[in-house]
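Comments concern the structure below.
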Amino acid sequence: MENSIPTTKYSNVRPDWAFFLYFTGMFCLYTHTIIQLLLQVFIIGYVLIKKLGLTGTTFRIKTNTIKNIFFLLIWFGALTVLLFLSTKFWAYSHITGSRTMMGVFRCFGIGLAMFLYIDTSEKALSVMQSFVYASAIMGVAALVTTPTSQYFQAGDDGFGVALGQQRNGIGAIAAGMSVVSVYLRRYTDFKYGNYLSVFFVLLTIITGSRGSLVQLLILFVLIVIIDKDLFKMMTKIIIFVIAAVIIILMLRNIPILYENIWLRFEDMFATITGEKIEDASTKGREFYKEIAFNMFLKKPFLGWGLDGFTCYLRDNPYYKGYYIEAVYSHCNFSELMADLGVVGLLVWYVPTASILIKSFKYREYHPLIKIMFFWLLSMIILDYARIPWMTHPSSYQYFLAFLIIIFLTNEAKIIKRNIKQNSENALETTEGHNNGQSS
C-alpha cells in the first residue's frame, strides 16, 4: 500500500537471545519450580540491566513505555488485583494447593518486564521471533518425550504432559505460530519461518486439539477471504479448496487421522446438535458453560471469586443426573462470568477489544499489522474453549500480540497524520495560487 510502513523497515530484526532462553526454559521445564523462579529472576534482571544502561546511572523509560505499562495495569494488572481481592473478601471457597493466583501474579510480573523492555516495534518483533523459536523447541521436546501411542491424546500421560504442558496448550501455540512465522520470515530476518510454519501445522494436528485445529482453519480462512485484490482472493480460494479436499481425503482414509481427528469432530458435532451423546468431553464443556451462566445470574457483579467455578463443582458434582468433574470451565467467557462477574469480563475484554479495533483500523498499513489482527481475532474466538490468563505461554501470546499491534499502529498513525498534513498543505498552496491568479 502506498504511504504505508515500508515493508523493508524490519528486515534486520533478529531474535533476542535472553527472551529465547527464558521462553524455552519456561515451556520445556515448567514442572521445575526452582528453575521457573530462576528464569523469571534472570529475565527481570536482564530487562533492568538493559534499561539502566552500561553506566548504571540513568533509568531510561520512554513516554510510550509508560503509556503501555499503564495499559497493562488497567488490563492484566486489574485482573490480578481482582483475583487477589476476591480471596480476601468474597471468594466462595478455595482449592488446597491451587497455584492459580501465583501463576497469574507471575505472568503479570513477566508482563511488566516485557512491557518495560519492549519500547520499539523492532524489539517487539525480536521478542516475537524468540517466542516462535522457543515454541518450536517445545514442540520438538513434546514429540520426543511423549510416547507415540499418546500422540493425539489427552490425560495424565497425554501429549506434552512430560513437559508440564497439555495438548490443548501446545496446540494453541502451534496454530498461531503456523501463520505468524511465515510473516516474520517475509518481513524480518527470520530465516526458517516457512519451514517452521509446516512444522507447526503438523504439530497442531499431532496434538489432537480440536480447538487448535479450528483456530488454524479460522486463520487460513481470514487470510484467504480478506484481500482487496479480487484476483488474488480467487486464487487463494481455489488453492484453499484444493488443499481442503486433500486434507479431508487424508482424514477419511488414513486410520490414525480418521480415529483421532475425523471421528472426534464427528462425535463433537453430534453431541452439540443433540443427536446423541457421543463425546463426553464436549457434553461436559456444554454443561460447564450452563453451570457458569447460572452462577453468574446469582452473583453477576463480582462473581464467586478465585477458583469459584471449580470449588462450586467440587461441592455440587451432579448436574442433570451426570457427575461433573471439578475442573475449570474450559472457556474464558464462562470462567470470568462465574469467578469475577461483569467486572471481570469488562476488565479483560474492553482493553482487548480496543487493541483488536486498532489493529483492524490500521491493518492496511503493513502486512504485519494485518496478521496480528488475524492472530488476535482467532485467539479471542477460541477463548470459547480456553482460559488464556491461567497459563504462561497463552499470556505471553497476548502480551506480544498487543505490543506488536501498539507499536506498529503508532507508526501507522504518524504516517496517516503526515499524509493528512501534506494534503492540507497542498490544498492551502493550491488555494493561495488560485487566489493570486484571481487578483
Next item on the list: Indicate the ring-plane relationship of Tyr10 and His366, choosing parallel, tilted or perpendicular according to the 30° and 60° boundaries.
Entry: perpendicular

Notebook entry, point to check: CZ of Phe373 to CD1 of Ile404: how many Å apart, nearest 0.5 Å?
Noted result: 15.5 Å

Check: Which distance, rounded to the nearest 0.5 Å, do you find between the CZ of Phe200 and the OG of Ser135?
Finding: 5.0 Å

Checklist line | Partner set under ring-ring contact (aromatic ring centres under 6.0 Å, His included) for Phe20, not counting sequence neighbours | finding: none

Margin query: Looking only at side-chain N and O atoms, does Thr100 offer a donor or acceptor that is under 3.5 Å from a partner on Asp307?
Written below: yes

Check: Strictly by modelled atom types, are Asn332 and Tyr384 linked by a side-chain donor-acceptor pair under 3.5 Å?
Finding: no

Note to self: Classify the ring geometry of Phe76 against Phe399: parallel below 30°, tilted from 30° to 60°, perpendicular beyond 60°.
What the structure shows: perpendicular

Notebook entry, point to check: Does a donor on one side chain sit under 3.5 Å from an acceptor on the other, for Tyr92 and Asp339?
Noted result: no

Margin query: Applying the side chain to side chain donor-acceptor pair (under 3.5 Å) criterion to Ser329, which one of Glu335, Arg285, Lys289 satisfies it?
Written below: Glu335

Item checked: Member of Ile137, Thr145, Ile35 meeting the side-chain contact (heavy atoms from CB on, under 4.5 Å) criterion with Cys28 -> Ile137

Item checked: Ile291 and Met295, any side-chain heavy atoms less than 4.5 Å apart -> yes

Check: Of all residues at least two apart in sequence or in a different chain, which pass the side-chain hydrogen bond (donor to acceptor under 3.5 Å, both in side chains) check with Ser178?
Finding: none

Next item on the list: Could I get the full list of ring-ring contact (aromatic ring centres under 6.0 Å, His included) partners for Tyr30, not counting sequence neighbours?
Entry: His392

Checklist line | More than 12 heavy atoms from other groups under 6.0 Å of CZ on Phe84 | finding: no

Check: Hey, does Leu83 have a side-chain heavy atom less than 4.5 Å from the side chain of Val104?
Finding: yes

Next item on the list: Check whether any side-chain heavy atom of Trp375 lies under 4.5 Å from a side-chain heavy atom of Ile405, and answer yes or no.
Entry: no

Next item on the list: Determine whether the side chains of Tyr365 and Glu411 contain a donor N or O and an acceptor N or O closer than 3.5 Å.
Entry: no

Margin query: If you count every heavy atom of other residues, nucleotides or ligands that lies below 6.0 Å from Tyr319 atom OH, does the total exceed 12?
Written below: yes

Notebook entry, point to check: If we ignore angles and hydrogens, is there a donor and acceptor under 3.5 Å between the side chains of Arg386 and Gln215?
Noted result: yes

Check: Does a sphere of radius 6.0 Å around CD1 in Ile34 hold more than 12 heavy atoms from other residues, nucleotides or ligands, not counting ones at 6.0 Å or beyond?
Finding: no

Check: So Phe131 and Phe27, would you call those rings parallel, tilted or perpendicular, with 30° and 60° as cut-offs?
Finding: perpendicular

Notebook entry, point to check: Are any non-hydrogen side-chain atoms of Leu400 and Ile118 less than 4.5 angstrom apart?
Noted result: yes

Check: Just checking, any donor-acceptor pair under 3.5 angstrom between side chains of Asp16 and Ser130?
Finding: no

Checklist line | CD-NZ distance between Gln129 and Lys191, expressed to the nearest 0.5 angstrom | finding: 11.0 Å

Next item on the list: Identify which one of Ile44, Ile43, Val127 satisfies the side-chain contact (heavy atoms from CB on, under 4.5 Å) criterion when paired with Tyr22.
Entry: Ile43

Check: In Å, rounded to the nearest 0.5 Å, how long is the span from CG of Leu302 to CG of Leu82?
Finding: 7.0 Å

